[in-house]
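None of these values were measured; they are calculated from a predicted model.
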Amino acid sequence: MQVEHIFLLSVLASVALLLAAAWRRSRLAGAACCFTGLVALVTLVIWSQQTPPLLPEPETRVRPLLQSDHPPDTRALQLAGFRPGEVPDDGYVTSDACRKCHIQQHTAWHESYHRTMTQVPTPGTAIGDFSDRSVTVAGRSFRFQNKGDLLWVKMNNPDDEDISEETRVWCPIVLSTGSHHMQIYWYPAGQARLLSQVPLVFLAEEQEWVPRRSVFLLPPGEPIESEAGRWNETCISCHTTRGRPRIFDAAHVDSLVTEFGISCEACHGPGERHVRYHESANSTTANNAILTDSIVNPQNLSHELSSQVCGQCHGVTNSLDREQLDEYKID
């Protein structure tokens, strides 16, 4: 029985016993009423601490792995629940709000690699060759295709030793990272918003699929694997704007970002107060609160602080302690 059902039954029982106690003036009924009320209170506390639902309703979901000769005709919208979500909150308003007043800056940023560092991939944004391209690496076969607005790869589970043809399945690509020198592709791990990595990456200049272990510094002989959770825990911190890993456990991952890619607020901070300040006719609100412009302009900072704006990603960083790291992951 679900916790919420126990809570509801406890409340109903408490009400019934309370009425019985009032009607019969029975001490036993009154004690029973207090006991069930206590059960309801404890259940409510447990319920409030539970991890909220992380995925869309079942009817809007599709299986992330499919076994067939051709990728299915699936709408991209159906896969949205399997990748991290874009949720602007806590004072963040996204780059669209900046365009109104900063057209030139927005245009320059929009043409930059920062914007395309993380994307929801389509045949138009992917630099990889998905034109029914087949690649074999270390005895493993990969077949890349696009169908409609979706990209697919047919492969064996990178974490399994079985590389037979019978175990190859079609995996939808739901997110891409990189756009300058290479591009990495991620497919659903099948658990909440947890992502796994296709073991091959595409090099832009060479126009070739190569093993991921060939482009990152790794120990020799590093095995092929899915890197499940790598994006949610590591890539999200620098390749998005205000990434929140929200990793509760392996089965409950509800990673959120303000915006995919590195947008204006990644360097300038949340823009809501900045927008309100410049849109208001005076410097006070209806309740006479004084508005201030809190936006960060690196040009107005010392060279040490302006370097740190870039250094938050273009530098070696780490959390100060384990408690801070855990807070960052759960948010």
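Aromatic ring centres of W186 and F82: separated by at least 6.0 Å.
The nearest pair of heavy atoms linking Y185 to I127 is OH-N, 3.5 Å. Summarising the geometry of R143 relative to S134, their closest heavy-atom pair is CG-OG, 3.8 Å, with the distance given to 0.1 Å. Closest heavy-atom contact between N146 and P123: CB-CG, 4.0 Å. Across Y187 and P158, no two heavy atoms sit closer than the pair OH-CD, 3.3 Å. Across all their heavy atoms, I295 and P270 have their closest contact at CD1-O, 3.7 Å. The minimum heavy-atom distance linking I262 with A266 is given by the pair CG2-CB, 3.8 Å.
Annotation for E304: atom CD counts as buried by contact number, over 12 foreign heavy atoms lying within 6.0 Å. Within a 6.0 Å radius of CD in Q207, more than 12 heavy atoms belonging to other residues, nucleotides or ligands are found. In H106, the NE2 atom is crowded: over 12 heavy atoms of neighbouring residues, nucleotides or ligands sit closer than 6.0 Å. Residue-environment remark: CD (E206) exceeds the threshold of 12 foreign heavy atoms within 6.0 Å.
Side-chain atoms of H268 and P298, non-hydrogen and from C-beta on, do get closer than 4.5 Å to each other. In this structure the side chain of V93 never reaches within 4.5 angstrom of the side chain of P88, judged on heavy atoms. Side-chain contact between R242 and D89: present, with at least one pair of heavy atoms (C-beta onward) separated by less than 4.5 Å. Here the side chains of I236 and V257 are in contact, with some heavy-atom distance below 4.5 Å. The closest side-chain heavy-atom distance from R244 to V87 is below 4.5 Å. In this structure the side chain of P188 reaches within 4.5 angstrom of the side chain of P172, judged on heavy atoms. Between P245 and E233, the closest side-chain pair of non-hydrogen atoms is not below 4.5 Å.
Judged by distance alone, with hydrogens and angles left aside, the side-chain atoms of E272 form no donor-acceptor pair with the main-chain N or O of D90 at under 3.5 Å. The main-chain N or O of T241 is never found under 3.5 Å from a side-chain atom of Y92 such that the two would form a donor-acceptor pair. At least one donor-acceptor pair closer than 3.5 Å links the side chain of E86 to the backbone N or O of F260. Without hydrogens or angle criteria, E225 side chain to D159 main chain gives no donor-acceptor distance under 3.5 Å. For the pair D254 (side chain) and A192 (backbone), a donor-acceptor distance under 3.5 Å is absent. No donor-acceptor pair closer than 3.5 Å links the side chain of R83 to the backbone N or O of L175.
W109 and S95 form no side-chain donor-acceptor contact under 3.5 Å, judged by distance and modelled atom types alone. For the residue pair Q197 / R230, no side-chain donor-acceptor distance below 3.5 Å is found, with atom types taken as modelled.
The distance from the NE2 atom of H114 to the SG atom of C267 is 6.5 Å, given to the nearest 0.5 Å. For the atom pair OG of S176 and NE2 of H239, the computed distance is 10.5 Å after rounding to the nearest 0.5 Å. Considering CD1 of I163 and OG1 of T136, their distance stands at 10.0 Å, rounded to 0.5 Å. Interatomic distance, OG of S306 versus CD of Q299, reported as 10.0 Å (0.5 Å rounding). The structure places CD of E259 at 7.0 Å from SG of C264, a figure rounded to the nearest 0.5 Å. With rounding to the nearest 0.5 Å, the separation of OG in S141 from CE in M155 is 12.5 Å.
Evaluation of the side chain to side chain contact (heavy atoms under 4.5 Å, CB included) rule for S164 yields D162, E166, T167 as partners, not counting sequence neighbours. For D96, the side chain to side chain contact (heavy atoms under 4.5 Å, CB included) criterion is met by T94, R99, not counting sequence neighbours.
Across V135, I173, V169, a single residue satisfies side-chain contact (heavy atoms from CB on, under 4.5 Å) together with V153, and that is I173.
Using a 4.5 Å cut-off between side-chain heavy atoms of Ile, Leu, Val, Met, Phe, Trp and Tyr, with links allowed through other members, L195 and V120 fall into the same hydrophobic cluster. Linking ILVMFWY side-chain heavy atoms closer than 4.5 Å, directly or via other members, places W231 and M182 in a single hydrophobic cluster. Criterion: ILVMFWY side-chain heavy atoms under 4.5 Å apart, direct or through other members. Under it, V201 and W152 are part of a common hydrophobic cluster. L305 and V309 fall within the same hydrophobic cluster, defined by Ile, Leu, Val, Met, Phe, Trp and Tyr side-chain heavy atoms under 4.5 Å apart, directly or through other members. A continuous path of ILVMFWY side-chain contacts below 4.5 Å connects F144 to V137, so both sit in one hydrophobic cluster.
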- Could you go step by step and tell me if W209 and F130 meet the ring pair (Phe, Tyr, Trp, His ring centres under 6.0 Å) rule? CA-CA 10 Å; W209 290 101; F130 283 85; 5.5 Å; yes
- Before giving the answer on side chain to side chain contact (heavy atoms under 4.5 Å, CB included), spell out for Q105 and C98 the whole-Å C-alpha distance, their side-chain angles and the decisive distance to 0.1 Å. CA-CA 9 Å; Q105 291 85 350; C98 307; over 6 Å; no
- Item | Stepwise side chain to side chain contact (heavy atoms under 4.5 Å, CB included) test for R246 and R193 | CA-CA 10 Å; R246 293 167 55 83; R193 299 184 187 274; over 6 Å; no
- Task: Starting from the C-alpha separation in whole Å, work towards a yes-or-no answer on side chain to side chain contact (heavy atoms under 4.5 Å, CB included) for K154 and W170.
- Result: CA-CA 4 Å; K154 188 176 186 181; W170 286 105; 3.6 Å; yes
- side chain to side chain contact (heavy atoms under 4.5 Å, CB included) between H278 and K100: does it pass, once the steps are laid out? CA-CA 12 Å; H278 288 278; K100 179 179 178 180; over 6 Å; no
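Stacking of R140 on the aromatic ring of F142 is not recorded, the 6.0 Å distance cut-off and the 45° axial limit not both being met.
Applying the salt bridge (Lys or Arg N to Asp or Glu O under 4.0 Å) definition to pairs two or more places apart or across chains, those involving residues 101-129 are D129-R133.
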